[in-house]
Visitor: 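Sharing a structure with you now.
The figures that follow rest on heavy atoms only: side chains count, while hydrogens, waters and symmetry mates do not.
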Amino acid sequence: MRGVAILCVLVLHFALAYDLKNSPIGLLPAWLRRAAYQGNFGVTIFFTLSGYLIVSMSLRRWGDLAHIKLREFYVYRAARILPCLLLALAIIVALGLLDIPFFDNDALPHSYFLIAVGSILTFWHNQLMQSAGYFNYCLNVYWSLSVEEMFYLLLPVSCLLLRKRLPILLLCAVAIVAGPVYRSQHTDNEIYFMYGYLACFDAIAIGCVTALLMQRWQATARQALVLRWLSGLVLAALYVRGIHGHEVFGFTLVALATAGCILGAGEARGKPGVLQWLGRHSYEIYLFHIIVLAALRNVVDKPQLGYAATLPWFLVFILLTALVAAAVARFVSDPANAAIRRTWMRKTHNDIG
């Protein structure tokens with residue numbers, strides 16, 4: 001599902017940059033064309049999967065959420081997140097300081113990079129955007145990383161404090177209820193109803209609950225088949241229906257449908273293919289696709305791109321993004337992740353010894 005989610009995000013950002021209506025896609029029915037612009041539902045799918053995966057991995061590693069080792073959890077998350085994030089930020093800032101369009105800070109001075117990068121590394125970039133707006137084409141995409149990082153920061157602390165399954169589930173229930181309530185107060189501003197912590201934590205909490213449920217219950221083959229089909233159809237219908245007019249409950253319903261897909265899939269692994277590859281490299285794609293897109297816009301921007309060239313240009317975007325993501329994973333993310341974990345394990349072993 002991560003492959004589908006990241007593809008939704010790629011389509012959204014390309015459509016916003018180049019307007020897919022100015023292409024053969026413009027011949028499709030309006031409801032189908034509109035689907036290209038619902039990529040923020042793809043982010044909701046990511047949040048749900050993140051809650052599920054992080055809690056599932058924690059249960060496998062430590063047996064119980066009350067036994068999470070705080071420093072080890074944070075080291076493992078930092079090892080995965082930081083190496084390629086620092087590379088992406090360095091590229092964006094370097095090109096922005098050269099005043100290259102789509103990398104610069106629009107009307108804000110170069111010094112604002114200190115605040116912007118600092119907000120990304122300290123988990124409040126989404127909050128910064130509530131005051132500064134869309135001030136940097138590349139950096140503003142990283143709002144969702146602040147939501148993820150805040151979840152990583154709070155999860156182990158919450159589990160160690162609450163310890164028991166019931167209080168943890170109650171905390172998740174509070175987050176699930178708070179999401180629609182918060183969004184209902186901000187339906188006129190997408191930076192709030194899509195990017196705020198409370199606007200997103202309901203999806204993450206639904207993923208967490210799904211992981212806890214699967215620890216105690218596994219669907220039968222028939223139940224799993226029904227869940228996959230029913231949840232998949234509901235998810236597709238919600239996506240086509242779109243965000244507009246459904247700002248309050250739309251994201252929660254997408255998260256619930258995603259949870260149904262997870263329950264239906266169980267522990268089964270998908271067959272190797274394009275979507276699985278996209279899912280495996282989704283983090284690198286997320287970080288670097290916007291850099292690729294900004295670079296392409298400096299070569300050919302919307303006014304210069306002809307009707308017949310839009311779809312081929314989209315394929316160029318997808319191909320270049322995949323190549324960059326694969327290179328970053330091979331030469332930066334994977335070796336750095338492994339090195340940091342080895343260093344931590346060696347240090348832990350020495351401390352015990």
Visitor: Around Arg61, counting heavy atoms of other residues, nucleotides and ligands shown, do more than 12 lie under 6.0 Å from its CZ?
Guide: yes

Visitor: Is any side-chain heavy atom of Leu7 closer than 4.5 Å to a side-chain heavy atom of Val4?
Guide: no

Visitor: Measure across Pro180 and Thr252 and return the closest heavy-atom pair with its distance rounded to 0.1 Å.
Guide: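 For Pro180 versus Thr252, the nearest heavy atoms are CG-OG1, 3.5 Å.
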
Visitor: Please report the closest heavy-atom contact between Ile45 and Ala5, naming both atoms and the distance.
Guide: CG2-CB, 3.9 Å

Visitor: When rounded to the nearest 0.5 angstrom, what distance separates CZ in Phe135 from CG in Asn105?
Guide: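 Atom-to-atom, Phe135:CZ and Asn105:CG are 6.0 Å apart.
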
Visitor: Any chain of hydrophobic side-chain contacts (each under 4.5 Å) joining Val240 to Leu233?
Guide: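 Each belongs to a different hydrophobic cluster.
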
Visitor: For Ile176 and Phe201, run side-chain contact (heavy atoms from CB on, under 4.5 Å): C-alpha distance rounded to whole Å, both residues' side-chain angles, the deciding distance at 0.1 Å, then the answer.
Guide: CA-CA 7 Å; Ile176 293 168; Phe201 278 175; over 6 Å; no

Visitor: Do Leu98 and Leu296 sit in the same hydrophobic cluster, where Ile, Leu, Val, Met, Phe, Trp and Tyr count as joined when their side-chain heavy atoms come under 4.5 Å apart?
Guide: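 Per the 4.5 Å side-chain linkage, Leu98 and Leu296 are co-clustered.
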
Visitor: Is the shortest side-chain heavy-atom distance between Met1 and Cys261 below 4.5 Å?
Guide: yes

Visitor: When rounded to the nearest 0.5 angstrom, what distance separates NZ in Lys69 from OH in Tyr76?
Guide: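 Answer for the NZ-OH pair, Lys69 versus Tyr76, is 9.0 Å.
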
Visitor: Are Leu323 and Leu315 linked, directly or through other ILVMFWY residues, by side chains that come within less than 4.5 angstrom of each other?
Guide: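 Cluster IDs for Leu323 and Leu315 differ.
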
Visitor: Does Asn337 use its side chain to pair, donor to acceptor, with the backbone of Ser333 at less than 3.5 Å?
Guide: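 Not confirmed, Asn337 side chain does not pair with Ser333 backbone.
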
Visitor: Which distance, rounded to the nearest 0.5 Å, do you find between the OG1 of Thr44 and the CG of Leu256?
Guide: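 Thr44 atom OG1 to Leu256 atom CG measures 11.0 Å (nearest 0.5 Å).
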
Visitor: With a sphere of 6.0 Å drawn around NZ of Lys164, does it hold more than 12 non-hydrogen atoms of other residues, nucleotides or ligands?
Guide: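 No, the 6.0 Å shell around NZ holds no more than 12 heavy atoms from other groups.
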
Visitor: Any carboxylate oxygen within less than 4.0 angstrom of a Lys/Arg side-chain nitrogen, looking at Asp202 and Arg183?
Guide: yes

Visitor: With a 4.5 Å heavy-atom cut-off, do Tyr195 and Asn40 have their side chains touching?
Guide: yes

Visitor: Calculate, to the nearest 0.5 Å, the distance between atoms CD1 and CZ belonging to Ile290 and Phe14 respectively.
Guide: 12.0 Å

Visitor: With heavy-atom distances below 4.5 Å as the criterion, would you say the side chains of Val174 and Leu170 are in contact?
Guide: no

Visitor: Could you list the donor-acceptor pairs under 3.5 angstrom formed between side-chain atoms of residues 146-158 and any protein atom two or more places apart in sequence or on another chain?
Guide:
unit_1: Ser146; atom_1: OG; unit_2: His125; atom_2: N; d: 3.0
unit_1: Glu148; atom_1: OE1; unit_2: Ser50; atom_2: OG; d: 2.6
unit_1: Glu148; atom_1: OE1; unit_2: Tyr152; atom_2: OH; d: 3.0
unit_1: Glu148; atom_1: OE2; unit_2: Ser50; atom_2: OG; d: 3.4
unit_1: Ser158; atom_1: OG; unit_2: Leu154; atom_2: O; d: 2.8

Visitor: Looking only at atom types and distance, does a side-chain atom of Glu247 sit under 3.5 Å from a main-chain N or O of Gly245, one as donor and one as acceptor?
Guide: yes

Visitor: State the CG-CD1 distance between Leu278 and Ile318, to the nearest 0.5 angstrom.
Guide: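 Result: 7.5 Å between the selected atoms.
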
Visitor: Has the side chain of Asp19 got a donor or acceptor atom that lies under 3.5 Å from a matching backbone atom of Ala15?
Guide: no

Visitor: Scan residues 85-99 for pairs that pass side chain to side chain donor-acceptor pair (under 3.5 Å), counting only residues two or more places apart or in two chains.
Guide: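 Output for this query lists Asp99-His110.
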
Visitor: If I compare all heavy atoms of Ala211 with all of Leu59, which pair ends up nearest, and what's the gap?
Guide: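 Scanning both residues, the minimum pair turns out to be O-CD1, 4.2 Å.
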
Visitor: Applying the 4.5 Å side-chain criterion to the ILVMFWY set and letting contacts propagate, would Ile25 and Tyr307 be lumped into a single cluster?
Guide: no

Visitor: Please tell me whether Leu27 and Leu32 are part of a single hydrophobic cluster in this structure, the criterion being side-chain heavy atoms less than 4.5 Å apart.
Guide: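 In one cluster with Leu27: Leu32, no.
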
Visitor: Do Trp217 and Leu263 come within less than 4.5 Å of each other through their side chains, counting heavy atoms only?
Guide: yes

Visitor: Could you report the tightest heavy-atom contact between Arg280 and Glu284, atom names first, then the distance?
Guide: O-OE1, 4.4 Å

Visitor: Quick one, Thr48 with Ile204, criterion side-chain contact (heavy atoms from CB on, under 4.5 Å). Give me CA distance, side-chain angles, the key distance, then yes/no.
Guide: CA-CA 5 Å; Thr48 311; Ile204 293 175; over 6 Å; no

Visitor: Could you tell me whether the side chain of Val55 reaches within less than 4.5 Å of the side chain of Leu65, counting heavy atoms only?
Guide: yes

Visitor: Would Ile115 and Leu108 count as a side-chain contact (heavy atoms from CB on, under 4.5 Å) here? Give the steps.
Guide: CA-CA 11 Å; Ile115 298 173; Leu108 296 172; over 6 Å; no

Visitor: Could you walk me through whether Leu89 and Leu121 satisfy the side-chain contact (heavy atoms from CB on, under 4.5 Å) test, starting with their C-alpha distance in whole Å, then the side-chain angles of each, then the deciding distance to 0.1 Å, before giving a yes or no?
Guide: CA-CA 10 Å; Leu89 292 175; Leu121 295 175; 3.9 Å; yes

Visitor: Any sub-3.5 Å donor-acceptor pair from Ser231's side-chain atoms to Arg228's backbone N or O?
Guide: no

Visitor: Provide the closest heavy-atom pair for Leu212 versus Arg165 in the form atom of the first, atom of the second, distance.
Guide: O-NH1, 3.1 Å

Visitor: Applying ring-ring contact (aromatic ring centres under 6.0 Å, His included), run through Tyr137 and Phe103 and close with a yes or a no.
Guide: CA-CA 6 Å; Tyr137 180 74; Phe103 293 96; 8.3 Å; no

Visitor: With no hydrogens and no angle check, do the side chains of Trp124 and Thr122 hold a donor and an acceptor under 3.5 Å apart?
Guide: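 Side-chain D/A pair, Trp124 to Thr122: present.
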
Visitor: Angle between ring planes, Tyr18 versus Trp313, binned at 30° and 60°: parallel, tilted or perpendicular?
Guide: perpendicular

Visitor: What distance do Thr258 atom OG1 and Leu235 atom CG have between them, rounded to the nearest 0.5 Å?
Guide: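 Going from the OG1 atom of Thr258 to the CG atom of Leu235 covers 5.0 Å.
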
Visitor: What pairs of residues pass the ring pair (Phe, Tyr, Trp, His ring centres under 6.0 Å) test when at least one of them lies in residues 278-297, not counting sequence neighbours?
Guide: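 Sorted pair list: His13-His289, Tyr142-Tyr286, Trp277-His281.
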
Visitor: Any donor and acceptor pair, going by atom type alone, linking the side chain of Gln304 with main-chain N or O of Asp301 inside 3.5 Å?
Guide: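 Between the backbone of Asp301 and the side chain of Gln304 there is a qualifying donor-acceptor contact (under 3.5 Å).
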
Visitor: When you compare the side chain of Asp104 with that of Leu97, does any pair of heavy atoms fall below 4.5 Å?
Guide: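 Heavy-atom side-chain distance check fails, nothing below 4.5 Å.
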
Visitor: Output yes when a side-chain donor or acceptor of Asp64 lies under 3.5 Å from a complementary backbone atom of Ala66, and no otherwise.
Guide: yes

Visitor: So do the side chains of Met194 and His186 get within less than 4.5 Å of each other, counting heavy atoms only?
Guide: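 Not touching, per the 4.5 Å side-chain cut-off.
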
Visitor: Between Ile262 and Thr210, which heavy-atom pair has the shortest distance, and what is it?
Guide: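 Result for this residue pair: CG2-CG2, 3.9 Å.
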
